[in-house]
Amino acid sequence: RGLKGLREGFSLDELAVVLHYNLGDRRLDGRCATSLLQALGQAKESTVAIAVLKCLREQSLEMDAFLASATINACRMTSAWVQALHHLHDIASTRVERNTITYNAAVSACERAKEWQQALQLLHD
């Protein structure tokens with residue numbers, strides 16, 4: 001079964017089973033994981049994208065700016081600006097430096113949701 005077959009309210013354990021089913025014993029590297037997150041964003045599956053990132057991080061995939069931006073962009077595609085901002089602030093606890101790309105993705109998420117005050121606040125951070 002695929003990622004789109006997950007029901008609302010799925011657990012990370014269910015997601016891990018689906019990922020394992022689709023990947024077998026292969027592990028995703030950063031580039032493949034970024035592509036997966038981008039595809040989920042284009043499919044407007046931000047909730048799944050965030051969960052996939054959490055699952056991959058639990059499997060020791062190292063976070064980088066590309067993964068962070070792809071996840072924030074997935075949130076942007078569904079106007080999930082709160083999740084985008086949460087993720088932006090969450091990556092501060094990792095070794096990933098928030099940069100122009102990650103901030104731009106978060107500003108775009110706020111813009112798409114017409115949350116101009118939030119977008120302006122990010123420019124002052």
Side-chain angles (χ1 to χ4, degrees):
R1 84 185 174 174
L3 292 173
K4 291 196 104 173
L6 289 170
R7 297 194 177 153
E8 191 170 323
F10 60 89
S11 70
L12 286 181
D13 288 337
E14 290 173 305
L15 177 61
V17 168
V18 171
L19 286 174
H20 180 72
Y21 176 79
N22 287 284
L23 295 173
D25 291 330
R26 296 181 308 251
R27 296 185 67 82
L28 282 181
D29 63 9
R31 181 178 287 172
C32 290
T34 299
S35 295
L36 173 59
L37 294 173
Q38 289 170 336
L40 288 167
Q42 290 171 349
K44 297 188 182 340
E45 295 286 347
S46 61
T47 303
V48 176
I50 292 168
V52 164
L53 181 64
K54 284 181 186 175
C55 190
L56 293 173
R57 286 180 67 191
E58 286 180 2
Q59 295 176 4
S60 301
L61 181 68
E62 191 170 325
M63 180 71 142
D64 64 20
F66 297 108
L67 289 169
S69 296
T71 306
I72 294 169
N73 273 320
C75 295
R76 177 184 64 84
M77 297 298 288
T78 59
S79 299
W81 65 275
V82 173
Q83 290 87 343
L85 294 182
H86 176 74
H87 188 65
L88 178 70
H89 295 296
D90 186 47
I91 63 173
S93 66
T94 68
R95 295 183 318 171
V96 176
E97 184 177 333
R98 296 182 290 182
N99 59 23
T100 304
I101 296 168
T102 55
Y103 272 102
N104 187 46
V107 167
S108 293
C110 293
E111 174 196 13
R112 187 172 188 137
K114 297 181 178 29
E115 292 291 335
W116 294 104
Q117 294 294 334
Q118 295 296 326
L120 291 172
Q121 182 63 41
L122 286 173
L123 295 175
H124 294 289
D125 283 354

Please table the atom pairs, donor to acceptor, closer than 3.5 Å between any side-chain atom in residues 30-38 and protein atoms at least two apart or in another chain.
{"residue": "Thr34", "atom": "OG1", "partner": "Gly30", "partner atom": "O", "Å": "2.8"}
{"residue": "Ser35", "atom": "OG", "partner": "Arg31", "partner atom": "O", "Å": "3.2"}

Enumerate, atom names and distances included, each donor-acceptor pair closer than 3.5 Å involving a side-chain atom of residues 74-88, sequence neighbours excluded.
{"residue": "Arg76", "atom": "NE", "partner": "Asn73", "partner atom": "OD1", "Å": "3.1"}
{"residue": "Thr78", "atom": "OG1", "partner": "Ser46", "partner atom": "OG", "Å": "2.9"}
{"residue": "Thr78", "atom": "OG1", "partner": "Cys75", "partner atom": "O", "Å": "3.2"}

Item to complete: Report the residues that fulfil side-chain hydrogen bond (donor to acceptor under 3.5 Å, both in side chains) with Arg112, sequence neighbours left out, ordered by chain and then residue number.
Response: none
Item to complete: For Gln42, check side-chain hydrogen bond (donor to acceptor under 3.5 Å, both in side chains) against everything at least two apart and list the hits.
Response: none
Review item, side-chain donor-acceptor pairs of residues 63-72, under 3.5 Å, at least two apart:
{"residue": "Asp64", "atom": "OD1", "partner": "Phe66", "partner atom": "N", "Å": "3.1"}
{"residue": "Asp64", "atom": "OD1", "partner": "Leu67", "partner atom": "N", "Å": "2.7"}
{"residue": "Ser69", "atom": "OG", "partner": "Ala65", "partner atom": "O", "Å": "2.9"}
{"residue": "Thr71", "atom": "OG1", "partner": "Leu67", "partner atom": "O", "Å": "2.9"}

Fill in: Side chains of Leu53 and Ile50 in contact at under 4.5 Å (non-hydrogen atoms)
no
Discussion item. Using a 6.0 Å cut-off, check whether atom CD1 of Ile101 has over 12 heavy atoms from anything other than its own residue.
Written reply: no
Item to complete: Please name all residues satisfying side-chain hydrogen bond (donor to acceptor under 3.5 Å, both in side chains) with Thr47, sequence neighbours left out, ordered by chain then number.
Response: none
Worksheet entry | Qualifying salt bridge (charged side-chain N to carboxylate O under 4.0 Å, His left out) pairs with a residue from residues 80-102, counting only residues at least two apart or across chains | Arg57-Asp90, Glu62-Arg95
Discussion item. Test of understanding: with salt bridge (charged side-chain N to carboxylate O under 4.0 Å, His left out), list the residues that count as partners of Glu111, not counting sequence neighbours.
Written reply: none
